[in-house]
Amino acid sequence: MNRRFFSPAPLQIGPLQLTGTEAHHLLHVLRATPGDEIILFDGAGGEFSACIESTARKTVTCQVVQQRTVNRELPAELVLGVALPKGERQRWLVEKATELGVTRLVPVETSRSTQQRVKQQRSSTPGDRLQRTVIESCKQCGRNQLMDIGPPASLDVFLRAAPAESHRWMAHPQDATSARGCVTPTIDLPTWLLVGPEGGFTENETTQAKAEGWQTIDLGPRILRVETAAIALTSLVTLPTG
Ligand code: SAM
């Protein structure tokens, strides 16, 4: 059984008991039995092979036998700041950003994210649900490092938090000064990306971003929804060329 399972406890060689969702999946979906081999990761970068020793109604006991050396991370930090959409669109964005290797996703509050909307985002962003999406996405795509979901940040704080030595790209449609076509195709420095809310950025916000060293980028003549723009921009900087 060449399946990947997540351990919330840090992994090391030796015995390990899986409980909760992962044990349920092994026991009741995959009908795992003693002797089956599985792959485990703990979200901190490590990947281990393990063998199931025994099963009970709600727990799986296995022996972690070997650490594998694999790195499926991007060459440098990739931070995605985004005025998060709600509901299923938010979950979709988190799933795809994890698959593409985003290091940290930061929900950004802009002046067109109204007070009410910001409250809705907070209440509809229960850490557990989105964290589960990140884990499931990592299980599927082979990533051993969990994408971090940061606390919401104001636009001002987010713009200033990017290190001076970094690529900083702000998606902004139909901006005559936008730099389409000259995005660095490999992430050779920490790279920070920013996508605005449904109402877009205000002129003040783009002026402020440019003053902080951000470069605007036009993603084409069509207006993309927030999550589409976030994934298009992320793909532009992460996908291998040639
Ligand atoms: N009317 C808004 C405007 O003109 O900015 C549209 C906002 S769009 C629905 C939401 C966000 O997605 C934008 O703030 C921008 O960050 C990004 N976006 C959408 N389409 C884009 C495009 N063609 N080029 C660059 N960014 C885009």
Side-chain angles (χ1 to χ4, degrees), residues 1-75 77-80 84-107 123-151 227 230-231 234-235 238-240:
M1 186 188 297
N2 194 21
R3 304 261 185 151
R4 289 164 52 81
F5 295 88
F6 174 70
S7 163
L11 287 166
Q12 54 187 12
I13 306 297
L16 176 83
Q17 203 167 62
L18 289 172
T19 56
T21 316
E22 301 299 84
H24 175 84
H25 189 201
L26 270 164
L27 292 166
H28 305 295
V29 181
L30 300 172
R31 309 266 172 218
T33 53
D36 285 347
E37 289 181 4
I38 57 173
I39 296 166
L40 292 168
F41 69 104
D42 60 12
E47 180 175 291
F48 295 74
S49 49
C51 183
I52 294 177
E53 290 201 319
S54 62
T55 59
R57 203 165 65 85
K58 290 188 171 178
T59 57
V60 174
T61 304
C62 47
Q63 188 70 22
V64 180
V65 288
Q66 190 191 19
Q67 178 160 17
R68 303 161 158 213
T69 310
V70 278
N71 180 13
R72 302 190 183 99
E73 295 304 303
L74 297 168
E77 166 189 75
L78 178 62
V79 178
L80 172 61
L84 273 185
K86 290 185 286 176
E88 184 53 24
R89 294 168 55 205
Q90 181 182 97
R91 200 199 63 75
W92 186 89
L93 196 166
V94 167
E95 180 181 282
K96 303 307 167 207
T98 307
E99 284 174 45
L100 287 168
V102 170
T103 316
R104 181 154 42 96
L105 183 142
V106 180
S123 62
S124 66
T125 314
D128 280 1
R129 190 174 56 81
L130 287 187
Q131 184 70 357
R132 195 66 227 165
T133 300
V134 171
I135 291 169
E136 288 304 324
S137 183
C138 285
K139 283 169 71 174
Q140 178 272 322
C141 74
R143 192 168 176 192
N144 292 317
Q145 186 84 46
L146 295 186
M147 180 178 78
D148 182 32
I149 300 182
E227 67 277 21
I231 297 311
T234 305
S235 305
T238 57
L239 296 183

Pair listing, salt bridge (Lys or Arg N to Asp or Glu O under 4.0 Å) test, anchored in residues 41-65, at least two apart: Arg4-Glu47, Glu47-Arg68, Glu47-Arg72
Side-chain (Arg143) to main-chain (Thr98) donor-acceptor, under 3.5 angstrom: yes
Side-chain donor or acceptor of Gln90 paired with backbone N/O of Pro85 under 3.5 Å: yes
Test side chain to side chain contact (heavy atoms under 4.5 Å, CB included) applied to Cys62 and Leu40, step by step: CA-CA 10 Å; Cys62 47; Leu40 292 168; 4.3 Å; yes
Check against side chain to side chain contact (heavy atoms under 4.5 Å, CB included), Thr55 and Thr61: CA-CA 6 Å; Thr55 59; Thr61 304; over 6 Å; no
Pairwise side-chain contact, Asp148 with Leu105, heavy-atom cut-off 4.5 Å (strictly under): no
Val65/Ile13 under side chain to side chain contact (heavy atoms under 4.5 Å, CB included): CA gap, chis, key distance, verdict: CA-CA 6 Å; Val65 288; Ile13 306 297; 5.9 Å; no
Qualifying residues under salt bridge (Lys or Arg N to Asp or Glu O under 4.0 Å), relative to Lys96, sequence neighbours excluded: Glu99
Close side-chain approach of Lys139 and Arg3, heavy atoms under 4.5 Å: no
CA sep, side-chain torsions, deciding dist, call: Gln67, Thr69, side chain to side chain contact (heavy atoms under 4.5 Å, CB included): CA-CA 7 Å; Gln67 178 160 17; Thr69 310; 5.8 Å; no
Minimum side-chain heavy-atom gap Arg104-Glu77 below 4.5 Å: yes
pair Leu74-Val102: side-chain heavy atoms closer than 4.5 Å: no
Aromatic ring proximity, centroids under 6.0 angstrom, Phe48 and Phe41: no
Expected output: side-chain Thr133 to main-chain Arg129 donor-acceptor under 3.5 Å: yes
Val60, Ile52, Leu26 screened by side chain to side chain contact (heavy atoms under 4.5 Å, CB included) with Asp36, the one that passes: Ile52
N/O donor-acceptor pair under 3.5 Å between Ser137 side chain and Glu95 backbone: yes
Distance in Å, Ile149 CD1 paired with Leu130 CG, rounded so as to fall on 0.5 Å steps: 4.5 Å
Whether over 12 other heavy atoms sit under 6.0 Å from Glu73 CD: yes
Reported CZ-to-CG distance for the pair Arg91 and Leu93, which is rounded to 0.5 angstrom: 11.0 Å
Nearest-0.5 Å distance, OG of residue Ser7 to CD of residue Gln17: 11.5 Å
Glu37 side chain vs Cys51 backbone, donor-acceptor pair below 3.5 Å: no
Partners meeting salt bridge (Lys or Arg N to Asp or Glu O under 4.0 Å) with Glu227 (sequence neighbours left out): Arg89
Residue pair Leu18 / Ala23: nearest heavy atoms and the distance that separates them: O-CB, 3.4 Å
